[in-house]
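Have a look at the structure below, then the notes.
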Amino acid sequence: MKRQLILFLFLSFLTSHLSFSQDTIMNQPKKSTNIVKRDKPLIVVNDSILKYEVIEYLNPNDIESITVWKDEKAKSLYGEKGKFGVIIITTKNISKENLIKIYKEFKDEL
């Protein structure tokens, strides 16, 4: 449970810092503050694009590695879908049945 919380906080921190780009800052008239629109990064689990909510579902013990790409690297690999960054998760020791369940529940229809 503690590891899940740490992973969730880590991924939340990453996504909050990945979501900033010059395209998302909109200037307002004088005497107002900037409004920042936060969009979520693309989530890729074992080479499959899944919905962002899969982060909360994955067991940290099933994760082998996490790679974060942002800016031009993400856009060069995933095009416009990766413009807010990409989090690539590789799993380990996870049953085929569980993977199928994850893919069915969280498959992103882009």
Side-chain angles (χ1 to χ4, degrees):
M1 184 68 170
K2 185 177 179 181
R3 294 183 93 192
Q4 286 178 323
L5 177 61
I6 291 170
L7 177 65
F8 178 74
L9 292 173
F10 172 72
L11 291 175
S12 295
F13 173 80
L14 285 178
T15 58
S16 68
H17 286 81
L18 284 175
S19 62
F20 291 102
S21 73
Q22 288 183 351
D23 296 331
T24 60
I25 298 175
M26 302 175 342
N27 292 324
Q28 296 294 316
K30 290 181 180 180
K31 296 184 182 180
S32 68
T33 60
N34 288 340
I35 297 175
V36 178
K37 179 182 173 191
R38 294 180 185 216
D39 288 302
K40 297 175 183 170
L42 187 67
I43 304 296
V44 180
V45 177
N46 296 342
D47 298 322
S48 294
I49 297 172
L50 301 179
K51 293 179 184 171
Y52 181 80
E53 292 75 19
V54 75
I55 289 175
E56 296 175 20
Y57 182 81
L58 288 174
N59 182 345
N61 296 325
D62 293 335
I63 295 175
E64 182 176 317
S65 66
I66 298 174
T67 305
V68 178
W69 288 331
K70 59 182 185 172
D71 300 327
E72 292 305 315
K73 177 72 172 178
K75 283 179 79 173
S76 70
L77 293 170
Y78 289 94
E80 282 299 306
K81 293 182 265 184
K83 69 181 175 183
F84 298 110
V86 180
I87 297 176
I88 299 175
I89 300 171
T90 304
T91 61
K92 65 176 182 179
N93 301 330
I94 191 167
S95 70
K96 218 175 219 185
E97 294 83 23
N98 203 8
L99 275 176
I100 291 169
K101 180 181 176 186
I102 290 170
Y103 292 155
K104 283 183 180 178
E105 188 171 343
F106 295 102
K107 180 154 177 61
D108 198 354
E109 304 294 333
L110 295 174

Output the distance between atom CD1 (Ile43) and atom CD1 (Ile87), rounded to the nearest 0.5 Å.
4.0 Å

Nearest heavy-atom neighbours spanning Gly82 and Ala74:
O-CB, 3.3 Å

Contact between Lys51 and Lys107 at the side-chain level, heavy atoms closer than 4.5 Å - yes or no?
no

Drop me the distance from Tyr57's OH to Leu50's CG, to the nearest 0.5 angstrom.
12.0 Å

What's the spacing between Leu42 CG and Ile49 CD1 if we round to 0.5 Å?
4.5 Å

Qualifying residue for side-chain hydrogen bond (donor to acceptor under 3.5 Å, both in side chains) with Thr91, from Asp62, Asn46, Asn98, Asn61:
Asn46

Kindly compute the distance separating NZ (Lys75) from CG (Leu77), expressed to the nearest 0.5 Å.
12.5 Å

With sequence neighbours left out, what residues match Tyr78 under ring-ring contact (aromatic ring centres under 6.0 Å, His included)?
none

Do you know which two heavy atoms are closest between Tyr103 and Val45, and how far apart they sit?
OH-O, 3.6 Å

With sequence neighbours excluded, what pairs up with Ser65 under the side chain to side chain contact (heavy atoms under 4.5 Å, CB included) test?
Thr90

Spacing of CD belonging to Glu97 relative to CD1 belonging to Ile102, to within rounding of 0.5 Å:
11.5 Å

Those residues that, when tested against Glu105, pass side chain to side chain contact (heavy atoms under 4.5 Å, CB included) (two or more places apart)
Lys101

Could you give the distance from CG (Asp39) to OH (Tyr52), rounded to the nearest 0.5 Å?
11.5 Å

